[in-house]
Number of protein chains: 2
Amino acid sequence: MQLTRHTDYGIRILIYLALLPKEDKASIDTISALYDISRNNVNKIVHQLGKAKVIETRRGKGGGFFLDQHPENINLGDVVMLLENTLEVIDCENQKCRILPACSFKGIINEASTAFIDVLRKYTLDDLIKSSKQDFTTIFNLSF
Amino acid sequence: MQLTRHTDYGIRILIYLALLPKEDKASIDTISALYDISRNNVNKIVHQLGKAKVIETRRGKGGGFFLDQHPENINLGDVVMLLENTLEVIDCENQKCRILPACSFKGIINEASTAFIDVLRKYTLDDLIKSSKQDFTTIFNLSF
DNA sequence: CGATAGATACATTTTATATGCATGTTATAA
DNA sequence: TTATAACATGCATATAAAATGTATCTATCG
């Protein structure tokens, strides 16, 4: 049971954006180099976050992207649900499981994954940065 | 985020064993045919469950396997932890994440996966069968 | 001792994920 | 208004994890 790297990358991208000085924009190339993630992957994640209005993307020269909401309004549960393409922890339908009509395991698993997401829902992007702003800015080598 | 089929298969194997009449044994071939799971896969899962003393396996002619504990003592959290080989939902170490020293996401994810397992821990194999014994025996075509 | 059944090891296939490559589209600035 | 920079989109390929296949070994019963 593992999250995809997409989700991991997405969170990291958001952390970076949350620490960028106001009015600054990030670019796909910057992020790709910063985290050593393939350009294409960053591209897709940024696009996804943009469609979901978590960030705002601007095409064209001088373009880039930045948070579209305050970090304290960006819920980690939502972000994970957005980037993780399957939260169906078990697939009973696709393989025609014989005991499906009598089986209650799916229900229990659903209860468990709801509990998982509910924990994430308690936190926002701001919780990820508020206590370590200085550390992050050093790592990112950002100046104010 | 998905469980492996191994885990799914393991649970199904245990359900079948829980419904077998006392003193009866199951065999790898029976299970393989019953659930349409490759022989080799069943082999591995049975072996794993045997090593963990969830079931008892007997080699040789007239051999087979059966539950080594009462269904109400077989905890679903334990079974899932046993069969799922990685419960590290995110891997921060292996890819040398730059922000690791400042990052608190791992901790939140750990809290979430603990919540996931804790739900499973509330249930036992007996919870999976007690309310549907008749349905299962029909599906399995077992007679008493 | 032969047949049966799990144990073990390794090879191959399959699938999901991740990456790569190419091209399109939009916006800015010279 | 055109060159250029930046995101958008689609498809192809590579990688890694999972699942399956094949073979052989070992234990046990009759």
Side-chain angles (χ1 to χ4, degrees), chain A residues 1-10 12-13 17 23-33 35-68 83-91 94-95 97, chain B residues 1-10 12-13 17 24-33 35-68 80 83-91 94-95 97:
Chain A
M1 193 175 81
Q2 262 195 301
L3 294 177
T4 61
R5 282 193 221 166
H6 255 69
T7 304
D8 174 13
Y9 295 164
R12 289 203 245 158
I13 292 170
L17 294 181
E23 314 299 323
D24 261 27
K25 289 194 277 293
S27 77
I28 289 176
D29 284 320
T30 313
I31 303 263
S32 172
Y35 285 129
D36 196 26
I37 306 172
S38 91
R39 227 192 138 279
N40 196 261
N41 240 334
V42 178
N43 193 329
K44 280 180 188 165
I45 296 161
V46 164
H47 181 56
Q48 247 184 308
L49 292 171
K51 269 200 308 187
K53 300 276 168 72
V54 178
I55 66 179
E56 190 176 326
T57 60
R58 292 269 174 81
R59 288 177 161 197
K61 196 166 186 175
F65 45 90
F66 48 90
L67 292 185
D68 197 23
L83 295 172
E84 200 67 12
N85 58 351
T86 169
L87 283 164
E88 285 285 295
V89 175
I90 199 166
D91 175 11
N94 216 333
Q95 45 174 329
C97 176
Chain B
M1 194 175 79
Q2 261 194 300
L3 294 177
T4 60
R5 282 191 221 168
H6 256 70
T7 304
D8 174 13
Y9 295 164
R12 290 203 244 160
I13 292 169
L17 294 180
D24 262 26
K25 290 195 276 293
S27 76
I28 290 176
D29 284 321
T30 312
I31 302 262
S32 172
Y35 286 129
D36 195 26
I37 307 172
S38 91
R39 226 190 140 278
N40 196 261
N41 241 332
V42 178
N43 194 327
K44 279 180 189 164
I45 296 162
V46 163
H47 181 55
Q48 248 183 306
L49 292 171
K51 271 200 307 189
K53 300 276 167 70
V54 178
I55 66 179
E56 190 177 325
T57 60
R58 293 269 175 79
R59 287 177 161 196
K61 198 168 185 173
F65 45 90
F66 48 91
L67 292 185
D68 197 24
V80 169
L83 295 172
E84 202 65 13
N85 58 353
T86 168
L87 283 164
E88 285 284 297
V89 175
I90 199 167
D91 174 12
N94 217 332
Q95 44 173 330
C97 176

Do the side-chain N or O atoms of [X] get closer than 4.0 angstrom to the phosphate oxygens (OP1, OP2) of [N]?
X     : N      : value
A:H47 : D:dC7  : no
A:R5  : C:dT19 : yes
B:T57 : C:dA5  : no
B:H6  : D:dA18 : no

Rounded off to whole Å, could you give me the [atom1]-to-[atom2] distance for the [X] and [N] pair?
X     : N      : atom1 : atom2 : answer
A:I45 : D:dT9  : CD1   : P     : 16 Å
B:I31 : C:dA5  : CD1   : P     : 14 Å
A:L3  : C:dA16 : CG    : P     : 17 Å
A:I37 : C:dT19 : CD1   : P     : 8 Å
A:R39 : C:dA18 : CZ    : C1'   : 16 Å
A:I28 : C:dC21 : CD1   : P     : 16 Å
B:R12 : D:dA19 : CZ    : P     : 12 Å
A:D8  : C:dT17 : CG    : C1'   : 14 Å

Hey, which of A:L17, A:I55, A:T57 is the one that makes side-chain contact (heavy atoms from CB on, under 4.5 Å) with A:L49?
A:I55
A:I37, A:V46, A:V42 screened by side-chain contact (heavy atoms from CB on, under 4.5 Å) with A:Y9, the one that passes
A:I37
What is the nucleic acid contact for B:G64, judged by heavy atoms within less than 4.0 Å: base, sugar-phosphate only, or nothing?
sugar-phosphate
Looking at side-chain heavy atoms only, is the closest gap between A:D68 and A:V54 below 4.5 Å?
no
Quick one: are B:V89 and A:Q2 in side-chain contact, heavy atoms under 4.5 Å?
no
Kindly determine whether A:K53 and A:K51 satisfy side-chain contact (heavy atoms from CB on, under 4.5 Å), including the steps that lead there.
CA-CA 5 Å; A:K53 300 276 168 72; A:K51 269 200 308 187; over 6 Å; no
Listed nucleotide nearest any side-chain atom of [X], set [options]:
X     : options                : result
A:V46 : C:dT19, D:dA19, D:dA8  : D:dA8
A:N40 : D:dT22, C:dA18, D:dG10 : D:dG10
B:N43 : C:dA18, C:dT8, C:dT19  : C:dT8
A:S27 : C:dT17, D:dC7, C:dG6   : D:dC7

Hey, which sits more toward the 5' end of DNA chain C by its nearest nucleotide, B:K51 or A:K61?
B:K51
Look at the side chain of A:K44 against the base of C:dT19 and say whether a donor-acceptor pair falls under 3.5 Å; ignore hydrogens and angles.
yes
Take A:F65 and A:M1, find for each the nucleotide of DNA chain D with the closest heavy atom, and name the residue whose nucleotide sits nearer the 5' end.
A:F65
